[in-house]
S.K.: 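Pasting a structure below so you can have a look.
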Amino acid sequence: MLDIKNIRTGYGAINVLWDVCLTAKAGQLTTIIGPNGAGKTTLLRAIMGLLPLSQGEIVYEKKVIDGTATWNMAAMGVAMIPEGRMIFRDMTVEENLMMGAFPKQHRARAQRNCERAYAMFPALHKRRHLLAGTLSGGEGQMLAMARGLMSDPRLLIIDEPSLGLAPVVVNELFETLKQLKADGRTMILVEQNTQMAVGLADQVYLMQSGKVVFSKPAGEVSLAQLQDLYFGR
């Protein structure tokens with residue numbers, strides 16, 4: 001579904017990604033792990049059109065999409081759940097959800113998808129009329145996840161969903177990811193919890209210093225080897 005071919009990009013004169021290649025197959029969960037500063041979020045921003053490429057190309061459903069404006073990605077079936085949640089704190093929970101279905105072609109299904117979100121995250125239904133800024137960290141992440149699903153994306157990109165959350169909430173979020181995978185959702189997951197991410201993934205990539213240094217099907221991954229590479233041992 002998504003092929004990233006030898007891309008380079010960065011911020012101004014500073015290049016961050018070096019000849020990065022990655023493939024995300026339809027119906028699978030692809031996980032990207034690596035230490036802070038490895039370039040994981042930069043890669044996601046490049047996919048979403050937030051950063052221009054200086055080399056390479058990004059192919060989505062057999063079409064080259066690098067250079068596509070970020071605001072057109074939802075219409076193409078791509079949604080991103082950013083690190084740090086990025087919910088609209090001064091809007092209600094339900095208003096946040098409706099923002100996820102704002103593109104015109106998704107509005108007809110907005111109510112149906114909203115009800116599906118409440119079924120997936122019952123806590124949000126109880127708080128649907130409250131300001132999003134009153135939610136706990138875990139509830140805020142649930143809202144970010146639900147908002148990302150409101151456009152019913154064919155490709156869902158998720159950046160560090162467990163960051164700063166209690167273990168019990170992390171377990172709940174991974175159960176949601178497990179269900180989405182079982183439903184056939186194609187996902188790219190950047191995650192700091194290596195063990196849980198690899199346990200759920202189909203394909204695993206490890207990034208360091210802006211490069212992919214390891215790529216294997218999850219079933220062939222040795223956590224001990226992965227941790228040695230992760231920590232540069």
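One-based numbering along the sequence shown.
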S.K.: What pair of heavy atoms forms the shortest contact from K40 to E160, and how long is it?
M.R.: CE-OE2, 3.9 Å

S.K.: Got a donor-acceptor contact below 3.5 angstrom from the N72 side chain to the T68 backbone?
M.R.: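 No: the side chain of N72 does not pair with the backbone of T68.
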
S.K.: Please report the closest heavy-atom contact between L180 and M145, naming both atoms and the distance.
M.R.: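 Reported closest heavy-atom pair: CD1-CE, 4.3 Å.
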
S.K.: Under 3.5 Å, side chain of S54 to main-chain N/O of R8, donor-acceptor pair present?
M.R.: yes

S.K.: Please report the interatomic distance NZ(K5) to CG(L53), rounded to the nearest 0.5 Å.
M.R.: 13.0 Å

S.K.: Does the R128 side chain pair with the main chain of H125, one donor and one acceptor, at a distance under 3.5 Å?
M.R.: yes

S.K.: I'd like to check L43 versus V20 (side-chain heavy atoms, cut-off strictly below 4.5 Å). Are they in contact?
M.R.: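 SC-SC contact between L43 and V20 confirmed.
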
S.K.: Thinking salt bridges, do R116 and D152 make one under a 4.0 Å N-O criterion?
M.R.: yes

S.K.: Just checking, is any N or O donor in the side chain of T186 or Q28 under 3.5 Å from an acceptor N or O on the other one?
M.R.: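 Side chains of T186 and Q28: no pair found under 3.5 Å.
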
S.K.: Pairing donors with acceptors under 3.5 angstrom, does anything connect the side chains of E191 and S162?
M.R.: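 Yes, because at least one side-chain N or O of E191 sits under 3.5 Å from a partner of the opposite role on S162.
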
S.K.: May I ask you to check whether over 12 heavy atoms, not counting those of R89, lie within 6.0 Å of atom CZ?
M.R.: no

S.K.: Work out which heavy atom in L97 is nearest to a heavy atom in M150; give both atom names and the distance.
M.R.: O-CG, 3.2 Å

S.K.: Restricting to non-hydrogen atoms, name the atom on A132 and the atom on L143 that form the minimum distance, rounded to 0.1 Å.
M.R.: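 Reported closest heavy-atom pair: CB-CD2, 3.8 Å.
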
S.K.: Does any part of the side chain of F88, heavy atoms only, come nearer than 4.5 Å to the side chain of E95, both counted from C-beta?
M.R.: no

S.K.: For the CG atom of L189 and the OH atom of Y205, what is their distance to the nearest 0.5 Å?
M.R.: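 So the gap between those two atoms works out to 14.0 Å.
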
S.K.: How long is the span from the CG atom in N113 to the CE atom in M98, to the nearest 0.5 Å?
M.R.: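 That separation rounds to 9.0 Å.
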
S.K.: Any side-chain donor paired with an acceptor under 3.5 Å for D183 and Q179?
M.R.: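 A donor-acceptor contact under 3.5 Å links the two side chains.
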
S.K.: Taking 4.0 angstrom as the limit, do K211 and D19 come out as a salt bridge?
M.R.: no

S.K.: Quick check: closest heavy atoms across M207 and V212, and the distance to 0.1 Å?
M.R.: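 Smallest heavy-atom distance, with atoms named: CG-CG2, 4.1 Å.
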
S.K.: Looking only at the side chains, is there a donor atom on one of E57 and N6 sitting less than 3.5 Å from an acceptor on the other?
M.R.: no

